[in-house]
Structures are given as structure tokens and as C-alpha cells.
Amino acid sequence: RTHGGAVSITRTITVSFPDQRLNLNVEAKRALTKRAAEFVHNGDTLFVDTGTTAFEFVHFLYDKRDITIVTSDLSIASFADSSMPHAHVLVLGGTLRKNHRYITGPITTEIMAKLRVDKAFLAADSFTPGFGFSTQFTGVAEVKSMMLQRSREHYMMMDASKVRDPCFIRFAKLSDFHTLIMDFDPNGEVARAIREESPETELILTSAQEAHDLPMELRNEEGHIGRE
């Protein structure tokens, strides 16, 4: 309420989904997304997921040349357009989720079905061994699944806090990804799941935790995790 004065319109704007979580596990997200960006090469076309981890990821693509970023996240699209002079941005159309800054729905997936992209960089609300990667909103799950279907190489970017009980809906299995990039692996749970469910998947850890910190049965003969 105000009397006899003006109120800034910024007070009436709902905080976006990325902004609400932008300060959670920042250092871990920056370290793992910096490593993920090393898999991007000049000229690549990329699906980039929604959320704070994906938002950190695009910051490390500044020096890439002639890349195309395909995303349904308006915050990521706006940042790439204003701050990345050598990137092309394709914003997926569809329904803007209320009080969030990303787009989902049948129009979104219909557009995606017409695309073929080099690499997909995804995030998750949760990873649960034996179940897979999950999220809270069905519309987001549909877009993530389509990103995997319409791309050649699949990368998951996830900090250790996401290794937990499942969220509402699964969008992918462990075997759907070529590479997982994490800060560390709590109790070796992800490495164990890879050995049991998807030995071809590579796990990259960006913290001081290396393969020799994990139980012997979770390493391959060269001391690495996952794909040899």
C-alpha cells in the first residue's frame, strides 16, 4: 500500500525460477559448468536446458565462435543475445509457464521435432540410482526428453545435492547420457550406478574427489569412472 507517491513496478514483478535459486551451490555449479563448456566446439549447435545450472553454463561459452544455442529459457536466451556476440540464439516457442521464465507445451516439442542438434546440455532436479533423472513439472520433462531425442551427444550437468529421492516425473535414464559432469559423487552413489546400469557413461568430477577416493570396485582398470 502507498499513499501520495509512486511505487516502483519492479516490486510487482514475480521473481523468476532461475533468480530464486541463483545463489544455491554457486561455486559447485560454476566449476562443473566450466568443465562442461570444454565439450563445446566452434560451430556446434546446442540444446541448453532451463534453470540455474544451465544459466551458469552459458557464461562459459563466451569465447566460442559461430555456435547456435537452442533454448526454451528466456533468461538464458536474453543473456546470450546481449552478452555473446559470436552466438546465434534460437528461442523455442510455446506456452510461457506462469511465474517462470521458460516455455513448454506441444508447440515447443513440435518445433523441436523438426531440429537436429549436435549436443544437448541438461540439468535435473533429482538423480536417483535405479530410477534415473527426474523433475517436478511434466511440461519440463517433455522438453528435456525431446532434447535428448533430437541431439547426437548428451551431457548432464548436476551438483551433488541432486543425488536424492525422485521428483514427480522421470525424463531420462542414466544410459541416456554419454557424460555426467558433477562437483563430487556423494558416497560413490553415482559411480556405483554407472557400473551397474550404464558402464558406457562417463562420470567427470570437478572437486578434489578423484577416482582413487572411491571404492576400488567402482573404478575401471585405469582408475577412471565409467567409460574407458
Side-chain angles (χ1 to χ4, degrees), residues 17-40 46-61 73 76 119-136 140-141 144 147-148 153-168 170-228:
F17 172 76
D19 292 339
Q20 288 175 323
R21 296 168 57 182
L22 203 56
N23 295 320
L24 295 178
N25 302 320
V26 174
E27 294 306 317
K29 290 177 181 178
R30 286 177 180 167
L32 68 91
T33 55
K34 181 179 181 180
R35 181 68 179 87
E38 296 177 14
F39 290 96
V40 178
L46 314 171
F47 278 129
V48 178
D49 204 356
T50 63
T52 56
T53 301
F55 188 75
E56 291 289 349
F57 169 69
V58 295
H59 283 69
F60 293 106
L61 304 181
D73 188 304
I76 289 172
K119 299 168 184 177
F121 290 84
L122 272 65
D125 289 336
S126 174
F127 170 73
T128 310
F131 182 78
F133 300 93
S134 56
T135 188
Q136 285 295 110
V140 171
K144 290 176 185 288
M147 285 183 172
L148 295 174
E153 297 179 20
H154 308 150
Y155 299 86
M156 170 55 67
M157 306 177 295
M158 181 180 72
D159 68 79
S161 71
K162 302 301 174 61
V163 181
R164 56 187 180 181
D165 291 339
C167 292
F168 179 65
R170 181 175 65 185
F171 64 86
K173 298 178 295 183
L174 192 54
S175 58
D176 290 321
F177 290 92
H178 298 93
T179 304
L180 271 66
I181 305 106
M182 300 181 65
D183 50 339
F184 72 95
D185 180 6
N187 301 315
E189 290 186 55
V190 178
R192 184 175 293 105
I194 286 175
R195 296 292 272 186
E196 294 175 355
E197 303 172 31
S198 182
E200 294 302 311
T201 300
E202 180 181 19
L203 174 62
I204 295 174
L205 305 177
T206 60
S207 74
Q209 181 190 30
E210 301 290 348
H212 55 69
D213 296 318
L214 297 171
M216 182 65 70
E217 68 271 14
L218 301 183
R219 310 177 219 163
N220 61 32
E221 293 179 357
E222 296 181 355
H224 300 145
I225 305 166
R227 189 171 59 212
E228 300 186 23

Using the test ring pair (Phe, Tyr, Trp, His ring centres under 6.0 Å), find all partners of Phe47 that sit at least two apart in sequence or belong to another chain. none
Go through the structure and list residues passing side-chain contact (heavy atoms from CB on, under 4.5 Å) with Pro129, not counting sequence neighbours. Phe127, Glu189, Ala193, Glu197
Sorted by chain and number, sequence neighbours left out, side chain to side chain donor-acceptor pair (under 3.5 Å) with Ser175 holds for none
Using the side-chain contact (heavy atoms from CB on, under 4.5 Å) criterion, which residues pair with Ala54? Sequence neighbours excluded. Val48, Asp49, Ile76
Working to the nearest 0.5 angstrom, can you tell me the gap between Met147 CE and His154 NE2? 11.5 Å
Got a sec, which residues hit side chain to side chain donor-acceptor pair (under 3.5 Å) with Arg170, two or more places apart in sequence or on another chain? none
Would you confirm whether His178, through its side chain, and Glu153, through its main-chain N or O, come within 3.5 Å as a donor-acceptor pair? no
Heavy-atom closest pair, residues Leu148 and Phe177: CD2-CE2, 3.8 Å
By side chain to side chain donor-acceptor pair (under 3.5 Å), Thr53 pairs with (sequence neighbours left out) none
Check: Asp159 main-chain N/O paired with Asp183 side-chain donor or acceptor under 3.5 Å: no
Go through it in stages, so that I can follow the logic: the residues are Asp125 and Arg164, the test is side-chain contact (heavy atoms from CB on, under 4.5 Å), and I'd like the CA-CA distance, side-chain angles, deciding distance and then a yes or no. CA-CA 9 Å; Asp125 289 336; Arg164 56 187 180 181; 4.2 Å; yes
With sequence neighbours excluded, residues passing side chain to side chain donor-acceptor pair (under 3.5 Å) with Glu38: Arg35
Which residues satisfy the side-chain contact (heavy atoms from CB on, under 4.5 Å) test with Ala31, sequence neighbours excluded? Thr206
Which pair of non-hydrogen atoms, one from Phe121 and one from Ala36, has the smallest distance, and what is that distance? CE2-O, 3.6 Å
Phe168: which residues meet the side-chain contact (heavy atoms from CB on, under 4.5 Å) condition with it, sequence neighbours left out? Gln136, Thr138
For the residue pair Phe39 and Tyr155, categorise the inter-ring angle as parallel (less than 30°), tilted (30 to 60°) or perpendicular (more than 60°). tilted
Side-chain contact, heavy-atom cut-off 4.5 Å: Met158 with Val163? yes
Ring pair (Phe, Tyr, Trp, His ring centres under 6.0 Å) involving Phe171 - partner list, sequence neighbours excluded: none
For residues Leu61 and Ala37, report the shortest heavy-atom separation together with the two atoms involved. CD2-CB, 3.9 Å
